[in-house]
Amino acid sequence: MAVHKIAVIGGDGIGPEVIDQAVRATEAAVRKHDRAELKWNHLPWSTAYYKQHGRMLPEDGWDQLAPHDAILFGAVGDPSVPDKITVHELLLPMRRKFDQYVNLRPAYLFAGVPCPLVGKKPGEIDMLVFRENTEGEYAPVGGSLYPGTENQIAIQTGVFTWKGCERILRAAFEAARKRPRKKLTSITKSNAQVYGLGLWDDVFAAVRKDYTDVESSSLLVDAAAMDFVRKPETFDVVVASNLFGDILTDLSAAVTGSIGLASSANVNPTKKFPSMFEPVHGSAPDIAGQGKANPLAAVLSAALMLDHLGLAKSATAVRDAVSKVLAEGKVKTPDLGGTSTTTQMGDAVVEALK
Ligand code: GGG
């Protein structure tokens, strides 16, 4: 029987609550649908860990993580500690250290989920956003001069490389090729960011020549933001830089009903290092510990992890169970207009998996 080693980092705020439900659903699915054993390694790395140890993870933390087959991650961020410590010492370096250059963020309008846009039918919004995850506007390159004075200067440099652009564009084109609509939109802003996003556009122009079976086009990020609201059903695969992908996927989550349903995979397609699976949402400290968080974004992220591990039957079973629970509408967390708790939603998914 195949054994998969999975590191679990619940992290901060609602992270541990939603990840507990994701682990339950994953276990229930695999027990029923695949001959595999999941070995969970729970790691306490978080802001609480930082307060105790002065660092977000142990000195050999990356070496501890590296041998795992996957990482299931909750959320990071706490109002009592700056993001430049919490997010920048745990989440963002993980994506770079393990070269998880594909950040895959699906957005789907499930039956039973109220859409804030009038007249959209279930399944009508169905897009896959590929966010570049290792460079772009998130590259920690820059500096500050004269801090704390009125002369303070800050410089932050976006880093765009041919290799970085090419590999995310190719990953997105490959996915588009396998989808019924075979359509891809590349997001840019090269009319303003002439060097970085100019390079992005040059690579797009070169790569699309290898994918003439895919209908591809380029769209300015401001126009894309408008169209994600005006006509989200027109998008199929979308590929964007690190920052643009991050912003647009909060929007795609909103138009498909709730960020509590938005899943993501941070993938190293070479499998040289573990990939990481996390809900798009953050730690939501305002509702942490109250049982109000929707665990479905974490559950659907775990389904992406099962796909990555080659446990496709279990992955499909988890997605089907989530669809069933949402369509029935008996169990709804507050983000979906109900009063059910995080655990009740987890129970409903586990029950639907039986
Ligand atoms: N689970 C996602 C999470 O913890 N997000 C916190 C955050 O600040 N992420 C930065 C980013 O993904 O851009």
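Indexing begins at 1, ligand by ligand and atom by atom, following the structure's order.
No donor-acceptor contact under 3.5 angstrom links the side chains of Glu132 and Trp200, judged on distance only. Residues Ser241 and Glu137 have side chains that bring a donor and an acceptor to within less than 3.5 angstrom of each other. Looking only at atom types and distance, the side chain of Asp78 has no donor-acceptor partner in the side chain of Tyr50 under 3.5 Å away.
Checking only distances, Ser283 never comes within under 3.5 Å of ligand 1, N or O to N or O. Of the polar atoms of Ala75, none of the N or O atoms is found under 3.5 Å from an N or O of ligand 1, judged by distance alone. Between Val280 and ligand 1, no N or O atom pair is found at a separation short of 3.5 Å. Backbone and side-chain nitrogen or oxygen atoms of Val76 are examined, and one is located within less than 3.5 angstrom of a nitrogen or oxygen of ligand 1.
Note that Arg319 lies outside the cation-pi zone of Tyr108, set by a 6.0 Å cut-off to the ring centre and a 45° limit from the axis.
By the 4.0 Å N-to-carboxylate-O rule, Asp213 lies close enough to Arg177 to be salt-bridged with it. No salt bridge links Lys272 with Asp99; every basic N to acidic carboxylate O contact stays at or beyond 4.0 Å.
In this structure, Gly11 does not count as a contact residue of ligand 1, since none of its heavy atoms falls inside 4.0 Å of the ligand. Between Arg95 and ligand 1 there is a heavy-atom distance shorter than 4.0 Å. Proximity of Gly77 to ligand 1 is not established, as no heavy-atom distance is less than 4.0 Å. Note on ligand 1: His88 sits outside its first shell, no heavy atom being nearer than 4.0 Å.
Within the structure, ring pair (Phe, Tyr, Trp, His ring centres under 6.0 Å) contacts touching residues 303-335 (residues at least two apart or in different chains) are Phe277-His308.
For atom 7 (C) of ligand 1, the closest non-hydrogen atom on the protein side is Leu91 CD2, 4.0 Å. The protein non-hydrogen atom at the shortest distance from atom 13 (O) of ligand 1 is Tyr138 OH, 2.5 Å.
With sequence neighbours excluded, no residue forms a ring-ring contact (aromatic ring centres under 6.0 Å, His included) with Tyr101.
Listed by number with element, the atoms of ligand 1 under 4.0 Å from a non-hydrogen atom of Glu278 are 1 (N), 2 (C), 3 (C). Counting the atoms of ligand 1 from 1 in the order shown, those under 4.0 Å from a heavy atom of Asp246 are 13 (O).
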